[in-house]
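Worksheet: one structure, shown below.
Sequential numbering from 1 along the given sequence is applied to the chain's residues. None of these values were measured; they are calculated from a predicted model.
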Amino acid sequence: MRVRYLLCLLVLVAFLLAGNQVEAGPKKRNQRSSHLDKDIKQRRTECEALVQHLGEQCTETSIGRENCILRCISEACYDESYGTDPLEEGEVDTVRGRAFRACARNALRQKREEERKVGTE
């Protein structure tokens, strides 16, 4: 009886250790998108500083400021996600926010590919 208990305990520990090894490293796809996210976050920081200097048009309300920052990050992606219906005060739209981030990632990815092509020619 004691041998069965020890065997079950040993098997359980082995499964737990195996599970930790599988989850240890990030996936390659996540690493690529995390680099893009860092670059977009850096661009957002630059845009926040720029928006401070634009005056009342962008700093009048917090949502007006947010719209200006998003437009600064990527005008094309802003127009695609929010162009016909900009964010309004108090509105939280996660669907359009995700669409904007995906578009900004794709735009940054395309820009990098174009820069690589120009660099190799």
Inset, instruction - List for me each residue that meets side chain to side chain contact (heavy atoms under 4.5 Å, CB included) alongside Q110, sequence neighbours excluded, and say none if there are none. - result: none
Legend entry - side chain to side chain contact (heavy atoms under 4.5 Å, CB included) between L70 and L87, intermediate numbers included: CA-CA 10 Å; L70 293 174; L87 286 172; 4.2 Å; yes
Inset, instruction - Among residues two or more places apart or on two chains, list those pairs meeting ring-ring contact (aromatic ring centres under 6.0 Å, His included) that have a residue in residues 88-110. - result: none
Legend entry - Residues which pass salt bridge (charged side-chain N to carboxylate O under 4.0 Å, His left out) with R43, listed by chain and number, not counting sequence neighbours: E46
Legend entry - E89 versus S62, closest heavy-atom pair with distance: OE2-OG, 3.1 Å
Inset, instruction - Grab the two heavy atoms, one from I73 and one from I40, that are nearest each other, plus how far apart they are. - result: CG2-CG2, 4.4 Å
Inset, instruction - Determine, step by step, whether I63 and E91 satisfy the side chain to side chain contact (heavy atoms under 4.5 Å, CB included) criterion, reporting the C-alpha distance in whole Å, the side-chain angles of both residues, the deciding distance to 0.1 Å, and the verdict. - result: CA-CA 9 Å; I63 204 66; E91 179 182 12; 5.8 Å; no
Legend entry - NZ/NE/NH1/NH2 to OD/OE distance under 4.0 Å, R44 and E48: yes
Inset, instruction - Look at the side chain of R96 and the backbone N and O of D85, then say whether any donor-acceptor pair between them is shorter than 3.5 Å. - result: yes
Inset, instruction - Enumerate the residue pairs fulfilling side-chain hydrogen bond (donor to acceptor under 3.5 Å, both in side chains) with a member in residues 71-83, sequence neighbours excluded, ordered by first and then second residue. - result: N67-Y78
Legend entry - Sub-2.5 Å SG contact, C68 and C58: yes
Inset, instruction - Go through the structure and list residues passing side chain to side chain contact (heavy atoms under 4.5 Å, CB included) with R101, not counting sequence neighbours. - result: R98, R105
Legend entry - Pairs where residues 77-111 contributes a residue and the test disulfide bond (SG atoms under 2.5 Å apart) is met, not counting sequence neighbours: C77-C103
Inset, instruction - May I ask you to test the R65-Q52 pair for a side-chain heavy-atom distance under 4.5 Å? - result: yes
